[in-house]
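Notes follow once the structure below has been shown.
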Amino acid sequence: METQEGDAHSSESDAPKVKEKGGFVALPFIIANEMLEKVAGFGLNTNMIMYLTKQYHLSNVTAGAMLFVWAAAANFAPIPGALIADMYIGRFMAISLGSVACLTGIVFLWLSAMIHGARPAPCGAGIVPEQCMPPGPRHLAWLIAGFTFLSIGAGGIRPCSMAFGADQFSRHPKEKRARILQAYFNAYYASIGVAFTVAVTVIVYVQDNVGWKAGFAVPMGLMMLSAVSFLLGSRLYIKEKGSRQMFSGIGAAFTAAIKNRRVRLPVKTEDGVYYHLKDCKLTVPTDKLRFLNKACMISNSEEALPAHSDVAASECRGLCTVDQVEQLKSAIRILPIWSSTVFLAQAMSQNYAVLQANEMDRRVGVGRFHVPGCSLTMFNMVTMSLWSGSYDRWIAPVLQRITGNPRGLTMKQRIGAGLVLATAGMVVSAAVEGARRRLALSGGGGTMSAFWLVPQFALMGLAEAFGVIGELEFFYTELPKSMASFSMALLYMAMGVGNLVNSLIVKVVHEASRHGGRTSWLSSDLNLGHYDYYYWLLACLGALNFVYFLCCGWAYGEEGKNVEWEEEAETERPMA
């Protein structure tokens, strides 16, 4: 009796220790870190084209291409960052190191504004901008150092922050966790929208009206506060260790499929004998990508091998387990849909609307206050935040009555809706720019209101609310949970590819449109150029991409079929 009472007392005393880790109590520190980092990052990104063109005397094309390359580097960095986090150091350490790297990058940009001679000398009075002194290597070194550290920091924070928040609910029951995660993704992205709104109003106002020294100092302070707030919650987090098991398993499946490529598959999949671990839920692979089933099929010459024998014995015969094959299949199957989301990243990363806004009438109110051109981009995030924040409570129930889906729309439908809205945003951008240019060249002296840009920003906000959140849920759900950081990194990889494609398109359009002595579509003088033609080109690419997405979605088939082995993989992961 004493032993039982002692055990009961021990279990009761241990219960609070289990509950104090993770859950909602840990989220404020994680979301605070992400929001402050995003305020700092957005405050730099959205107005950086003005810093490059006005302070560094770069052309619109060169500045735009530089920003596209920086954005691409920051979006590709999460791939190695996710691998290092998932396989070695864990997500907590990756976010901590990433925060320090981001802070270092902002310090370099701040120093470029503070140190005399770190950027080109100001243009002299009466000298046209084309004759201003261009930046030299020593000037660009400060920018490159800042962009490099910011990209490294993005590699640690971007793929891990959202997944780290989801980790805090890993001990909740499966049914409850599914509902929590859906609400968490929407709330998380809505908080990013709030951060963006603060960045493009407060920080951009400081940069435009106080100066770049203060404009960089504010993000630097916020980034320091972000790192400190995250570390303060350390004892509350569930910290999952890195594990090479998942990635080595996928590699083993790929190797086994090549090695056993001459093995004959049975006419029906269920007629074969396949290697699997003892008590594993998956004993027979699926019919998707059926040729990969050779990696786990016990051939006729190996029939003596039991279905749940020792792993080492299976390796001698070049086999891997059924669940490893299915993990490899899941990684391969999502790639076509992933590739179709690159256009969404292209549409979201257009910087030229800021330049257009500066050529338009930005006065508002009785005092005719001039709204900073970059601040108009807040309508993008405000729309996204309002939609994301209200989706689960009001929109999804309405859509459920129409579609019969508990989530309102499937994940693929949300991605498709995002692609359609992004294409519509490019159409509206082209129409507005065409109207602005015609009015500017009409000779009547009229100037179009900058608030005509609001519809295209709102459309891009909806595109992000549908497409990006749909992508996040799709990748997180369809890949193993131990690849959570990698699944988040796929989103940023798509953005990186989109930025590289944008940079290439800008260069090609610029060179092709000025061939034969003509004025480039992307001329530094917006009225001489034809930015509306550029937007029409992107709209056509968006329409073609949507057809490609429909084909990819049809080929993928039904989503949400990996739940069983994901849950099993999750239970095998070590906890810190």
Worksheet item: Is a side-chain donor or acceptor of Ser503 paired with a backbone partner of Leu500 at a separation under 3.5 angstrom?
Response: no

Worksheet entry | By salt bridge (charged side-chain N to carboxylate O under 4.0 Å, His left out) - contacts of Glu433 (at least two apart) | Arg436

Worksheet entry | Set of residues satisfying side chain to side chain contact (heavy atoms under 4.5 Å, CB included) with respect to Ala424, sequence neighbours excluded | Leu459

Worksheet item: Are any of the side-chain heavy atoms of Leu231 and Ser96 separated by less than 4.5 Å?
Response: yes

Item to complete: Write down the atom of Leu490, the atom of Trp338, and the distance for their closest heavy-atom approach.
Response: O-NE1, 2.7 Å

Worksheet item: How many angstroms lie between CD1 in Ile337 and SG in Cys551, if you round to the nearest 0.5 Å?
Response: 11.5 Å

Just distance, no hydrogens or angles: give the donor-acceptor pairs under 3.5 Å from side chains in residues 141-149, sequence neighbours left out.
residue : atom : partner : partner atom : Å
Thr148  : OG1  : Ile144  : O            : 2.6

Worksheet item: Is Asn545 close to Leu344 at the side-chain level, that is, under 4.5 Å between some pair of heavy atoms?
Response: no

Practice prompt. Give the C-alpha distance, both sets of side-chain angles, the deciding distance and a yes or no for side-chain contact (heavy atoms from CB on, under 4.5 Å) between Thr341 and Phe549.
Written response: CA-CA 8 Å; Thr341 63; Phe549 167 77; 5.7 Å; no

Can you give each donor-acceptor pair under 3.5 Å made by side-chain atoms of residues 208-216, sequence neighbours left out, with the distance rounded to 0.1 Å?
residue : atom : partner : partner atom : Å
Asp208  : OD1  : Asn47   : ND2          : 3.1
Asn209  : ND2  : Tyr205  : O            : 3.0

Worksheet entry | Under the side chain to side chain contact (heavy atoms under 4.5 Å, CB included) test, residues paired with Met93 that sit two or more places apart | Ile89, Leu97

Worksheet item: Taking all non-hydrogen atoms of both residues, which atom of Met384 and which atom of Gly461 are closest, and how far apart?
Response: CB-O, 3.4 Å

Fill in: Residues which pass ring-ring contact (aromatic ring centres under 6.0 Å, His included) with Phe230, listed by chain and number, not counting sequence neighbours
Phe92, Phe164, Tyr237

Fill in: N/O donor-acceptor pair under 3.5 Å between Arg119 side chain and Pro135 backbone
no

Item to complete: For residues 335-362, pull every pair meeting salt bridge (Lys or Arg N to Asp or Glu O under 4.0 Å), keeping only residues two or more places apart or in separate chains.
Response: Asp361-Arg363

Worksheet item: Should Asp532 and Arg437 count as an ion pair when the cut-off is N to O under 4.0 Å?
Response: no

Worksheet entry | Stepwise side-chain contact (heavy atoms from CB on, under 4.5 Å) check, Ile415 with Phe466 | CA-CA 6 Å; Ile415 295 172; Phe466 276 100; over 6 Å; no

Worksheet item: If you take all heavy atoms of Ala163 and Arg91, which pair is closest and at what distance?
Response: CB-CD, 3.8 Å

Response to the item:
Here the pair of heavy atoms bringing Lys412 nearest to Gly553 is NZ-O, 3.0 Å

Response to the item:
d(Trp536 CH2, Met426 CE) to nearest 0.5 Å is 11.5 Å

Practice prompt. Could you pull out all residues at least two apart from His139 that satisfy ring-ring contact (aromatic ring centres under 6.0 Å, His included)?
Written response: none

Item to complete: Please examine the side chains of Met50 and Leu355, heavy atoms only from C-beta on, and report whether any two atoms are closer than 4.5 Å.
Response: yes

Worksheet item: Do Met360 and Leu453 touch side chain to side chain, with heavy atoms closer than 4.5 Å?
Response: yes

Worksheet entry | Summary of salt bridge (Lys or Arg N to Asp or Glu O under 4.0 Å) pairs that have at least one residue in residues 541-550, sequence neighbours excluded | none

Practice prompt. Could you check if a side-chain atom of Leu222 sits within less than 4.5 angstrom of a side-chain atom of Ile203, using non-hydrogen atoms only?
Written response: yes

Fill in: Results of side chain to side chain contact (heavy atoms under 4.5 Å, CB included) for Arg438 - residues two or more places apart only
Ala435

Practice prompt. Any chance you could lay out the side-chain contact (heavy atoms from CB on, under 4.5 Å) test for Cys552 and Tyr548, step after step, and finish with the verdict?
Written response: CA-CA 6 Å; Cys552 294; Tyr548 170 64; 3.4 Å; yes

Worksheet item: About how many Å separate OG of Ser339 and CD1 of Ile334, when rounded to the nearest 0.5 Å?
Response: 10.5 Å

Practice prompt. Measure across Gly81 and Pro159 and return the closest heavy-atom pair with its distance rounded to 0.1 Å.
Written response: C-CG, 4.5 Å

Worksheet item: Does any non-hydrogen side-chain atom of Leu491 lie less than 4.5 Å from one of Phe474?
Response: no

Discussion item. In the structure I gave you, are the side-chain heavy atoms of Met48 and Leu109 within less than 4.5 Å of one another anywhere?
Written reply: yes

Item to complete: Let me see the working for Tyr531 and Ser429 under side chain to side chain donor-acceptor pair (under 3.5 Å), right down to the final yes or no.
Response: CA-CA 9 Å; Tyr531 284 77; Ser429 298; over 6 Å; no

Worksheet item: Of all residues at least two apart in sequence or in a different chain, which pass the ring-ring contact (aromatic ring centres under 6.0 Å, His included) check with Tyr56?
Response: Tyr51

Fill in: Separation between CD of Gln356 and CE of Met448, rounded to the nearest 0.5 Å
10.0 Å

Worksheet item: Rounded to the nearest 0.5 Å, what separation is found between the CG atom of Leu103 and the CG atom of Leu225?
Response: 11.0 Å

Worksheet item: Is there a donor-acceptor pair under 3.5 Å between the side chain of Thr62 and the backbone N or O of Leu58?
Response: no

Discussion item. I'd like to check Val371 versus Phe451 (side-chain heavy atoms, cut-off strictly below 4.5 Å). Are they in contact?
Written reply: yes

Worksheet item: Which pair of non-hydrogen atoms, one from Ala154 and one from Cys102, has the smallest distance, and what is that distance?
Response: N-SG, 4.0 Å

Worksheet item: Is Glu473 salt-bridged to Arg414, cutoff N-O under 4.0 Å?
Response: yes

Item to complete: State which residues pass side chain to side chain contact (heavy atoms under 4.5 Å, CB included) with Ile505; sequence neighbours excluded, sorted by chain then number.
Response: Gln346, Val501, Val509, Tyr534, Leu537, Leu538, Leu541

Discussion item. Using modelled atom types and a 3.5 Å cut-off, is there a donor and acceptor pairing between side-chain atoms of Arg514 and backbone atoms of Glu511?
Written reply: no

Worksheet item: How long is the span from the CG atom in Asn33 to the OG atom in Ser226, to the nearest 0.5 Å?
Response: 3.5 Å

